[in-house]
Number of protein chains: 2
Amino acid sequence: MAPGERRKREKEQRRKTILKAARKLFFKRGYNPVTVSDIAKKVELSKGAIYLYFSSKEEICAQVLLDDIEKFHGEVLPIFEGGAGASEIFAEFAHMYVDFFLKDRELFRMFMNFMLHANNLNLPDDTNKRIIRETNKAVSVTENIFQYGIDKGEFTLRKEDIRTMRNTFWGMLNGIISLHLFIGRESTREERIRSNVNKCLGIFIEGLKKTE
Amino acid sequence: MAPGERRKREKEQRRKTILKAARKLFFKRGYNPVTVSDIAKKVELSKGAIYLYFSSKEEICAQVLLDDIEKFHGEVLPIFEGGAGASEIFAEFAHMYVDFFLKDRELFRMFMNFMLHANNLNLPDDTNKRIIRETNKAVSVTENIFQYGIDKGEFTLRKEDIRTMRNTFWGMLNGIISLHLFIGRESTREERIRSNVNKCLGIFIEGLKKTE
DNA sequence: TCGGAAGATGACTCATGGTCATACTTTGAC
DNA sequence: GTCAAAGTATGACCATGAGTCATCTTCCGA
């Protein structure tokens with residue numbers, strides 16, 4: 001047996017347990033209201049022990065989000081494989097994206113906060129590398145859909161406009177969700193977001209098809 | 001002289017002084033790093049005195065943002081008066097919006113945070129009313145541009161789609177700015193945001209003209 | 001001149017992220 | 001089996017910062 005191999009596995013396991021507990025707490029009550037002691041209590045450890053596995057509360061949050069986003073990317077990649085048209089792939093992607101962010105009450109808020117402040121956070125190098133990796137994946141997934149549509153002749157988008165459209169698309173999705181968190185009644189939120197994204201998407205795709 | 005009239009004015013004046021100082025500090029260093037004592041020191045008051053004028057640090061922040069947004073709306077409204085086409089008004093609005101948010105380093109971050117969490121903040125009724133008032137103003141300004149374009153026959157947008165397009169438009173603007181805070185180098189940020197917004201806007205307006 | 005109201009103070013409380021001296025447990029070399 | 005080093009865990013403790021409150025000062029009208 002390699003030296004310390006089992007220990008490593010156990011450590012990794014404990015890390016995951018902590019993340020799982022933190023995830024539940026964060027998504028239920030939001031980032032700020034959850035204390036590190038809360039997380040520690042939930043996994044039956046002392047607060048100090050948490051800091052053996054993570055460098056800060058912010059890092060725990062970052063890891064939770066990255067795990068989720070990684071999972072999301074894993075689920076999204078297969079949508080290219082069915083041979084569907086780009087419009088359908090687009091729509092499917094948008095729906096998955098919205099579903100992803102609506103599945104837990106606080107997820108989007110945390111994600112947006114993370115996006116807004118990621119540059120100022122003092123995260124370990126590993127975590128920063130993960131951020132870059134997942135960001136690149138996100139970028140390439142969306143760009144691929146545009147490329148796919150161009151290749152299939154569905155969109156007449158110029159290659160140099162892909163990046164702009166990608167930003168517009170992401171901006172649109174994220175912006176609409178934030179907007180609906182701000183305006184309107186809580187009770188109809190999910191429904192409104194879904195329907196609004198659907199409509200925007202329709203217009204967006206029509207626009208893509210018509211642009212020459 | 002009405003009883004206490006001067007005192008009232010003085011109180012209002014001091015409120016404004018505090019807000020001005022807070023604004024400067026927040027925009028320079030961001031919300032979290034600035035302490036209430038910092039603000040107090042800057043206006044040569046004690047911390048306790050600050051709480052005679054505001055109920056919480058969050059309220060100070062909300063008031064600062066609302067003042068700025070109110071000013072923005074004041075500046076934006078005259079753009080309808082020149083008799084320009086809807087496309088131009090659109091572009092001008094978008095540029096003013098971007099300029100507004102890029103004029104101070106931290107403003108957009110604070111604004112976005114505010115949007116994301118406004119519902120959970122425990123603000124006094126007056127402040128909440130102001131939020132509603134300014135939100136409605138924002139909504140109606142953008143909607144008016146769409147309506148103006150329809151009336152002038154520039155866009156063939158259906159009336160029932162105005163709301164969707166308004167959301168798309170806002171989402172797009174806010175989303176693009178957030179996205180660029182997250183990705184890419186700090187040094188080229190403003191420039192990238194402006195150019196990207198320009199491109200998106202071009203495509204958006206073209207789309208509006210073509211939709212039938 | 002006096003009493004009450006408004007304005008102002010800063011020491012204090014309290015919550016919370018993060019640290020550290022200490023102690024317990026496991027491992028592997030001998 | 002023994003022991004030292006490495007790894008794991010603890011919780012009292014520290015620093016910080018938002019918000020409070022007993023107390024004091026200033027102002028104003030009667």
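Residue numbers start from 1 in every chain, and the chains themselves are labelled A, B, ... in the order their sequence lines are given, proteins ahead of strands.
Rounding to whole angstrom units, OH of residue A:Tyr51 and C1' of D:dA12 are separated by 15 Å. Rounding to whole angstrom units, CD of residue A:Glu58 and P of C:dT16 are separated by 16 Å. One interatomic measurement links the two molecules: CD1 of B:Ile18 to P of C:dG7, which rounds to 12 Å at whole-angstrom precision. The CZ-C1' distance, from A:Arg9 to C:dT27, rounds to 15 Å in whole Å. Protein atom CG of B:Leu121 is 15 Å distant from nucleotide atom C1' of D:dA18, rounded to whole Å. Summarising the geometry, the separation between CD1 on B:Ile60 and C1' on D:dG19 is reported as 11 Å, rounded to the nearest angstrom. Taking atom CD of B:Glu12 as the reference point, atom P of C:dA6 lies 17 Å away to the nearest angstrom. In this structure, A:Leu52 atom CG and D:dG7 atom P are separated by 12 Å, rounded to whole Å.
The cationic atom of B:Lys57 (NZ for Lys, CZ for Arg) lies less than 6.0 Å from the six-membered ring centre of B:Tyr31 and within 45° of the ring axis.
Between the side chain of A:Lys47 and the base of C:dG17, at least one donor-acceptor pair of N or O atoms lies under 3.5 Å.
Set against D:dG17, C:dT9, D:dT10, the side chain of B:Thr35 has D:dG17 as its closest nucleotide. Here the side chain of B:Ser46 is nearest to one of C:dT19, C:dA8, D:dA18, namely C:dA8.
Between A:Lys11 and B:Asn32, it is A:Lys11 whose nearest contact on DNA chain D lies nearer the 5' terminus. The 5' end of DNA chain D is approached more closely, in terms of each residue's nearest nucleotide, by B:Ser56 than by the other of B:Ser56 and B:Glu10. Between A:Ser55 and A:Pro33, the residue anchored closer to the 5' end of DNA chain C is A:Pro33, taking for each the nucleotide with the nearest heavy atom.
Residues B:Phe80 and B:Val141 come closest through the heavy atom pair CZ-O, 3.8 Å.
Distances shorter than 4.0 Å separate none of the side-chain N or O atoms of A:Tyr53 from OP1 or OP2 on D:dT8. Residue A:Arg14 places at least one side-chain N or O under 4.0 Å from the OP1 or OP2 atom of D:dA9.
No close placement of the A:Phe182 and B:Trp170 rings is indicated, their centers lying 6.0 Å or farther apart.
Neither side chain, B:Glu143 nor B:Gln147, offers a donor N or O lying under 3.5 Å from an acceptor on the other.
Side chain of B:Arg15 to main chain of B:Tyr53: a donor-acceptor pair is present (N/O by atom type, distance under 3.5 Å, no hydrogens or angles).
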